[in-house]
Asks: 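Pasting a structure here, questions to come.
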Amino acid sequence: MPNPVKTRVINTLAELKEILSTVKKEGLSLGFVPTMGALHDGHLALIERCKNENSICLASIFVNPSQFNSSEDFKRYPRNLEKDTQLLEKAGCELIFTPIEADIYSGPAIKNFEFGEMDKVMEGKYRPGHFKGVADIVSRFVKIIEPDKLYLGQKDFQQVAILREVLKQMDSNTRIVECPTIREENGLAMSSRNELLNSKDRNNAGIIYRTLCEIKEGIASIPIETLIKKGMQKINSVNGFQCEYLLLVNANTLEAVTNNSDVDTIQACTAVKVGKVRLIDNLRIK
Ligand code: AMP
């Protein structure tokens with residue numbers, strides 16, 4: 001059945017504020033899905049969930065320069081606003097916000113967020129400044145939009161943990177809804193960056209999820225150190241693949257876990273470089 005929702009594309013902060021004031025006046029529940037575009041089924045699952053749980057679904061498309069720690073990566077990041085708009089229209093997303101940099105960054109930062117060790121490990125270690133950029137842009141969006149719910153993908157596990165902290169430090173009433181990772185047929189976590197892989201590497205990249213699943217199977221009987229060593233070896237055995245890190249962390253604090261019996265919730269997290277493309281993935285293993 002055709003979707004009856006008329007999608008509105010908003011380019012300026014002024015227009016967004018005007019529309020939001022109507023949404024709030026009418027007491028409509030508002031869900032927000034921040035994205036950097038190049039949309040795939042992972043993003044669309046967030047949109048679907050947001051639509052199911054709110055009267056209005058607002059998605060943003062903004063390739064945020066401050067969260068890239070390499071200008072080459074920023075330039076190379078796939079962009080396709082026309083196709084994204086069509087996908088969001090088809091999905092029945094009511095509002096699309098596509099700001100320009102000067103508009104969204106016109107005022108001062110919302111807060112100088114502090115994350116302790118949380119933004120120093122894993123992605124924070126290999127992409128210095130990345131989470132400061134994420135926190136800055138998402139806090140600006142949340143301050144303006146004040147959504148009831150913020151939809152985030154578990155695929156970016158550390159980002160979810162950081163953004164929980166951001167909302168806490170902002171004293172925000174917005175609630176995070178964490179959505180499961182959507183995968184390609186071979187298990188590779190869907191990502192806009194997958195488009196940058198050649199077909200051989202994209203096929204081979206299924207090894208990342210398989211490795212995480214093997215760690216989950218082994219966690220009860222094999223020492224963590226061995227699981228990590230074997231897992232890294234397995235990923236690195238694929239031609240052109242280089243595992244940057246493979247860590248088992250406390251799912252709440254992101255502290256590295258060395259002994260299975262020490263904590264109740266463990267997440268296996270990894271980042272793998274395939275040529276110039278960097279892939280991340282994670283899996284709850286306990
Ligand atoms: P991005 O456009 O990469 O910034 O992602 C926007 C949102 O979509 C983030 O909350 C991501 O975690 C989420 N997301 C990206 N890929 C997936 C996926 N494969 N499954 C579920 N959520 C995803």
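Given the structure is predicted, the values throughout are model-derived calculations rather than measurements. For ligands, and for the atoms within them, numbers begin at 1 and follow the listed sequence.
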Asks: Can you list the ligand 1 atoms lying under 4.0 Å from a non-hydrogen atom of M190?
Replies: 16 (N), 17 (C), 18 (C), 19 (N)
Asks: Counting heavy atoms only, which part of S191 comes closer than 4.0 Å to ligand 1: side chain, backbone, both or neither?
Replies: neither
Asks: For atom 11 (C) of ligand 1, what's the nearest protein heavy-atom neighbour? Residue, atom name and distance, please.
Replies: D156 OD2, 3.1 Å
Asks: Among all protein heavy atoms in this structure, tell me which lies nearest to atom 4 (O) of ligand 1, with the distance rounded to 0.1 Å.
Replies: M36 CG, 3.6 Å
Asks: Checking side-chain hydrogen bond (donor to acceptor under 3.5 Å, both in side chains) between D73 and each of K276, R278, R193, which is the one that passes?
Replies: R193
Asks: Can you list the ligand 1 atoms lying under 4.0 Å from a non-hydrogen atom of P34?
Replies: 6 (C), 7 (C)
Asks: Decide whether the shortest distance between a heavy atom of A38 and an atom of ligand 1 is less than 4.0 Å.
Replies: no
Asks: Does A189, backbone or side chain, put an N or O under 3.5 Å from an N or O of ligand 1?
Replies: no
Asks: Report, in ascending order of atom number, the atoms of ligand 1 lying under 4.0 Å from any heavy atom of T35.
Replies: 2 (O), 6 (C)
Asks: With heavy atoms only and a cut-off of under 4.0 Å, state how R183 meets ligand 1: side chain, backbone, both or neither.
Replies: neither
Asks: Does the K51 side chain pair with the main chain of G31, one donor and one acceptor, at a distance under 3.5 Å?
Replies: no
Asks: Can you pull out the closest protein heavy atom to atom 10 (O) of ligand 1? Residue, atom name and distance to 0.1 Å, please.
Replies: G153 N, 2.9 Å
Asks: Give the C-alpha distance, both sets of side-chain angles, the deciding distance and a yes or no for ring pair (Phe, Tyr, Trp, His ring centres under 6.0 Å) between Y126 and Y245.
Replies: CA-CA 9 Å; Y126 286 86; Y245 65 81; 5.6 Å; yes
Asks: Taking atom types as modelled and ignoring hydrogens, do the side chains of N64 and Y105 form a donor-acceptor contact shorter than 3.5 angstrom?
Replies: yes
Asks: May I ask you to say whether R8 pairs ionically with E15, meaning some side-chain N is under 4.0 Å from a carboxylate O?
Replies: yes
Asks: Out of H40, E178, H43, who gets a non-hydrogen atom closest to atom 5 (O) of ligand 1?
Replies: H43
Asks: Restricting to non-hydrogen atoms, name the atom on I235 and the atom on I207 that form the minimum distance, rounded to 0.1 Å.
Replies: CA-CG1, 4.5 Å
Asks: Could you check whether D281 and T270, counting side-chain N and O atoms only, form a donor-acceptor pair closer than 3.5 Å?
Replies: no
Asks: May I ask whether Q154 places a heavy atom under 4.0 Å from ligand 1?
Replies: no
Asks: Below 4.5 Å, heavy atoms only, C-beta onward: do L212 and K216 meet side chain to side chain?
Replies: no
Asks: Identify, for atom 21 (C) of ligand 1, the protein heavy atom at the shortest distance, and state residue, atom and that distance.
Replies: P180 O, 3.4 Å
Asks: Can R79 be said to sit on top of F74's aromatic six-ring, NZ or CZ under 6.0 Å from centre and within 45° of the ring axis?
Replies: yes
Asks: Once you restrict to heavy atoms under 4.0 Å, what part of K155 touches ligand 1? Side chain, backbone, both or neither.
Replies: side chain
Asks: Do L46 and ligand 1 have an N or O pair less than 3.5 Å apart?
Replies: no
Asks: What residue and atom, counting heavy atoms only, is the protein's closest point to atom 3 (O) of ligand 1, and at what distance?
Replies: Y77 OH, 3.8 Å
Asks: Which residue owns the protein heavy atom closest to atom 20 (N) of ligand 1, what's the atom, and how far is it?
Replies: I182 N, 2.9 Å
Asks: Walk me through it: do I47 and Y151 pass the test side chain to side chain contact (heavy atoms under 4.5 Å, CB included)?
Replies: CA-CA 8 Å; I47 299 288; Y151 291 81; over 6 Å; no
Asks: Would you call D201 and V277 a side-chain contact if the rule is heavy atoms closer than 4.5 Å?
Replies: no
